[in-house]
Amino acid sequence: MESLKLSQPLCSSHGWKSLIPLPTSRVLPKSTFHIYPNRKLGLSTGFITTANVALFSSNVFPSRHCVVTQVRSMKFSTKSTSASVQSATDELVEGKSKDLSVSGDSIRRRFLDFYAARGHKVLPSASLVPDDPTVLLTIAGMLQFKPIFLGQVPRQVPRATTAQRCIRTNDVENVGRTTRHHTFFEMLGNFSFGDYFKKEAIQWAWELSTVEFGLPADRLWISVFEDDNEAFEIWHDEVGVPVKRIKRMGEEDNFWTSGVTGPCGPCSEIYYDFHPERGYAAIDLNDDTRFIEFYNLVFMEFNKKDDGSLEPLKQKNIDTGLGLERMARILQKVSNNYETDLIYPIIEKTSELAKVPYGLADDQSKLNLKIIGDHMRAVVYLISDGVVPSNIGRGYVVRRLIRRAVRTGRMLGIKGDGQGNLEGAFLPTIAGKVIELSTYIYPDLKNRIPRILEELKREELKFVQTLERGEKYLDQMLVDSLLSAKESGTAPCLSGKDAFLLYDTYGFPVEITAEVAEERGVSIDMNGFDIEMEHQRRQSQAAHSAVKLSMGNSADVTKDVGDTKFLGYETLSATAVVESLIVNGSPVLQVSKGSEVEVLLNRTPFYAESGGQIGDHGFLYIPQGENQYKAVMEIIDVQKSMGNIFVHKGTIKEGALEVGREVEAAVDARLRQRAKVHHTATHLLQSALKKVIGQETSQAGSLVAFERLRFDFNFHRPLTDSELAEIESLVNQWVGDATPLQTKVMPLADAKGAGAIAMFGEKYGEEVRVVEVPGVSMELCGGTHVSNTSEIRGFKIISEQGIASGIRRIEAVAGDAFIEYVNARDYYMKQLCSTLKVKAEEVTNRVDNLLEELRMTRIEASTLREKAAVYKASIMASKAISVGTSHKVRVLVESMEDTDADSLKKAAEYLIEMLEDPAAVILGSCPGDEKVSLVAAFTPGVVNLGIQAGKFIGPMAKLCGGGGGGRPNFAQAGGRKPENLSSALEKARSEIISVLSEKAS
């Protein structure tokens, strides 16, 4: 047997008809490959051995490799007219040292070369920011071709090949924990647009895998969609894969969709077997410890519409994806994707900064190094493609990954830039390594280096400012949650309010908070977080909305109206003339009872909303004799418009109001006093804050209302209880001092020179009004105030919280609102004392004792419910039926009425133990209104038949309007449609019997 070693790469011509012009010299005799005995491999015959064919211009590949320069040395042994192939990469099996020729770059080039030689146009990677509005980021290689697949645009070429950058963050928590999960990855793909279909796609995928990359054929397994007989037959009959290494799988595994809508179809996957010595028993291709899927072939035949229905595509297409990182792992013979030359240099650079050698690191440190190695690739490419960190959309993805990387770096011990500058940033240094590894295949990255590094530096330093403080507060919150849960006997849970505080004040993405909490065994109230987020959005929208009058054309309405003279500092009532009446944005001459109207007066005692203080309430009267009124209008709001025109809004309660009429304007004195009290208290609060937490704090907004005051200020952390108590004490001390207020009008420059504080968001003229509480406060303010601090009577802080990053908010009450607040709580305390039959000082201990008693009672009740459920289950066990012939499987599918979820679980566990292996138990119940509980428990004997509880229970839960899952042997789910429980159980009974009848026979 003569052996030929080919020093130049191979380029096949398909069916003796070249896909590209090829020289006719130095061609080997026609031959057929035999990977399996008596099986013909679907390869093209006739090979060029040394031809140097220029398929592309020199700028396609930065290295100037032509498409036929990367197939590695192959040894062909000829016997008669047949040839068997022995790849130089048999080292995979023999365990020899790694060849540099299988670098990640070479794998990428060889893939593109392989398909270019088969008539595919090599196209560049699309941006990570797709044109497709249905997806946030580019998640697959086919995305740029979606319009072609849908028949929306004509194809430019019949077939193409790409190396596509992709981002997926749906399972970011698995990054580093598994051998294969990434946020950023490269998908190598070949595509057919109505050209070739299953046969060619399968044959070429096999040729690429076993010949080009030299993977041992007996280590490759195939999956096909359960109903795709055509693909099964091609793999078996034409390629020659044994039936025992072809697995039919369901829709969840082998029916591909690009998203909620879009192209879809059955798919077939190639898996590499790392442990063939384990044999063929109980094969699970999803077992990551043994298999890795590296090549996915999608036979795109349908388009999935919004309603979930499928419509045939105008042309059958092929979409494939080979994971570059996965193939590199296989060929480079490393234990996980992170140790390939695509990622490991980034990990090494991180190790250097952290002074933690990867080879000597413990498992947690290795996990952290992998997270940074992965995330840095993602953020570099996202920023390169124009995505900047923010709190929404794609920007949030970048920010989340950057902050996760920063936190992880700190956990590794990286301080500052990791090179001695404690004020520096370390992410740009690691990003430099990412860029170094990437510019070979993506040269445009070089032009964006300054922007990438600057963005990373800015975002890291911004996050570091609050990270340490946030981590301390998160740690304390988790400790409190664990202690509280231990005392109450409940599952530890961080409140949505606390999670929002970390997000809003310390910049912690809620996913990071959830991840840290999970490490400590604490869950997060995400519903509560969402409520807080929505509340903030509403407040933000309200705070940033300009006042919109209902005037159609303000200029026309007010062109003959002068500024309103404000009399409200001196009096609460005055006569005035109606200058204009406005209804629905249009001027009118008269309005009658029941009309909602806006009134412009020549002068007014009503305060118009400004400086945080809301507008006055009161009445406009037209007198008619003593204590008689011809017309009455109730004023419920006053706003300023067009400079200094006061707009009085309200409703005509009696009579009619006309333009030109003289009216009596009367402010509600009680409400005005409440506003005055709260406004002066706001000034005192700001002074107290500056004394307690520092002069650098400043106002960021305020609200002076009748029922409360609200003060927003710049500060980096929540105030402590002792600080709040000190602030409260200071304000009440100043109230008790009964200090007269002084009000002066002076030039703005003089006021600022005297130390007066400007109110947030206000604009001032040359002359300003200064309100001073001597020795305590001096502010520029146009609002109304008490004449003496004693009028405030009392001050109480009712809440303190974060409303945005670095912005805190205090809400408080004073004056009448303070008295009402104290009286209400005194009433509630008396009621509580009466109910508990204890003194006020004994309430806390009594409540603690009651909570403990309640906890114990709940435990006892739960135990009784579980015992009752187990008793019901023992009676129910007799209903189990036997299914199968070779393996008698005991099957029980029943409803347990109103049994709660925990008791349902206990019942299932009891039944599985009682029925013995093999057995399958599926139970359902309706423990409350609009509530369904489901459980599926399978013994090992059932699981070994390929039936998994976690996958089985999902469709049941969907029928009941919910979801869930779990392990192969045990799964729980819930729903909101009790009316569908019986039909769901009946369907489950039918399906489990059908499946077991087939698999256990």
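These numbers come from the heavy atoms of this one structure, side chains and all, not from hydrogens, waters or symmetry mates. Numbers for residues simply follow the sequence, beginning at 1.
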Arg108 and Leu342: CA distance, side-chain angles, deciding distance, side-chain contact (heavy atoms from CB on, under 4.5 Å) verdict: CA-CA 11 Å; Arg108 185 192 298 110; Leu342 296 165; 4.2 Å; yes

Given the side-chain rings of Phe114 and His120, with only the six-membered ring counted for Trp, is the space between their centroids under 6.0 Å? no

Between Glu238 (side chain) and Glu233 (backbone), is there a donor-acceptor pair under 3.5 Å? no

Which label fits Phe274 and Tyr272: parallel for a plane angle under 30°, tilted from 30 to 60°, or perpendicular past 60°? perpendicular

Please work out whether the ring planes of Phe938 and Phe952 are parallel, tilted or perpendicular, with thresholds of 30° and 60°. perpendicular

Side-chain (Tyr271) to main-chain (Ser223) donor-acceptor, under 3.5 angstrom: no

Could you check if a side-chain atom of Asn337 sits within less than 4.5 angstrom of a side-chain atom of Ile292, using non-hydrogen atoms only? yes

Parallel, tilted or perpendicular: which describes the rings of Trp204 and Tyr196, with under 30° parallel and over 60° perpendicular? perpendicular

Side-chain heavy-atom pair Arg278, Thr289 within 4.5 angstrom cut-off: yes

Separation of Asn190 CG from Arg118 CZ (nearest 0.5 Å): 10.5 Å

Could you check if a side-chain atom of Val239 sits within less than 4.5 angstrom of a side-chain atom of Ile222, using non-hydrogen atoms only? no

Answer yes or no: is there a donor N or O on one side and an acceptor on the other, between the side chain of Ser192 and the main chain of Ile318, under 3.5 Å? no

Kindly compute the distance separating OG1 (Thr179) from CG (Asn174), expressed to the nearest 0.5 Å. 10.5 Å

With rounding to the nearest 0.5 Å, note down the distance linking CG in Leu136 to CD1 in Ile167. 10.5 Å

Any side-chain heavy-atom pair of Asp228 and Ser268 under 4.5 Å: no

Ion pair present between Glu916 and Arg890, side-chain N to carboxylate O less than 4.0 angstrom? no

Start with the C-alpha gap between Glu212 and Glu207, add the side-chain angles, then the distance that decides, and say whether side-chain contact (heavy atoms from CB on, under 4.5 Å) holds. CA-CA 7 Å; Glu212 174 64 33; Glu207 180 183 354; over 6 Å; no

Check whether Asn317 reaches the backbone of Gln315 with its side chain - one donor and one acceptor, N or O, closer than 3.5 Å. yes

Interatomic spacing from NZ in Lys951 to CG in Asp253 - rounded to 0.5 Å: 4.0 Å

Taking Arg165's backbone N and O only, do any of them form a donor-acceptor pair with Ser125's side chain (distance below 3.5 Å, no angle check)? yes

Are Glu200 and Arg159 ion-paired here, with the side-chain N under 4.0 Å from a carboxylate O? no

Output yes when a side-chain donor or acceptor of Arg394 lies under 3.5 Å from a complementary backbone atom of Leu137, and no otherwise. no

Any donor-acceptor pair under 3.5 Å linking the side chain of Gln972 with the backbone of Gly966? no

Taking everything shown except Arg976 itself, do over 12 heavy atoms lie less than 6.0 Å from its CZ? no

Given the rule in the side-chain contact (heavy atoms from CB on, under 4.5 Å) test, do Arg245 and Asp218 qualify, once you have shown the distances and angles that lead to the verdict? CA-CA 9 Å; Arg245 288 220 303 278; Asp218 58 1; 4.1 Å; yes

First locate atom OH of Tyr295, then atom CG of Leu220, and finally report the distance between them rounded to the nearest 0.5 Å. 12.5 Å

Is Asn980 reaching over with its side chain to a backbone N or O of Leu959, donor-acceptor style, under 3.5 angstrom? yes

Does some side-chain heavy atom of Arg168 sit less than 4.5 Å from a side-chain heavy atom of Phe185? yes

Could you tell me whether Glu979 atom CD has more than 12 heavy atoms of other residues or ligands within 6.0 Å of it? yes

Tell me whether Asp917 contacts the main-chain N or O of Thr939 through its side chain, where contact means a donor paired with an acceptor under 3.5 Å. no

Within a strict 4.5 Å, meaning less than it, do heavy atoms of the Phe255 and Glu226 side chains meet? no

Carboxylate-amine/guanidinium proximity below 4.0 Å for Arg155 and Asp195: no

I want to know whether Tyr280 and Trp221 have ring centres closer than 6.0 Å. yes

Return each pair, listed once, that meets side chain to side chain donor-acceptor pair (under 3.5 Å) where at least one residue sits in residues 984-998; pairs must be two or more places apart or across chains. Glu986-Arg989

Apply side-chain hydrogen bond (donor to acceptor under 3.5 Å, both in side chains) to Arg290 and list each qualifying residue two or more places apart in sequence or on a separate chain. Asp273

Value rounded to 0.5 Å, distance of CD in Gln948 from CG in Asn286: 7.0 Å

For the residue pair Tyr115 and Phe111, categorise the inter-ring angle as parallel (less than 30°), tilted (30 to 60°) or perpendicular (more than 60°). tilted

Are the side chain of Thr162 and the backbone of Pro124 linked by a donor-acceptor contact shorter than 3.5 Å? no

How would you list, by chain and number, every residue that makes a side-chain hydrogen bond (donor to acceptor under 3.5 Å, both in side chains) with Thr183, sequence neighbours excluded? Asp374

Are Glu293 and Leu285 packed together at the side-chain level, in the sense that at least one heavy-atom pair is separated by less than 4.5 angstrom? no

Just so I know, are the side chains of Met956 and Leu985 near enough to count as touching, which here means a heavy-atom distance under 4.5 Å? yes

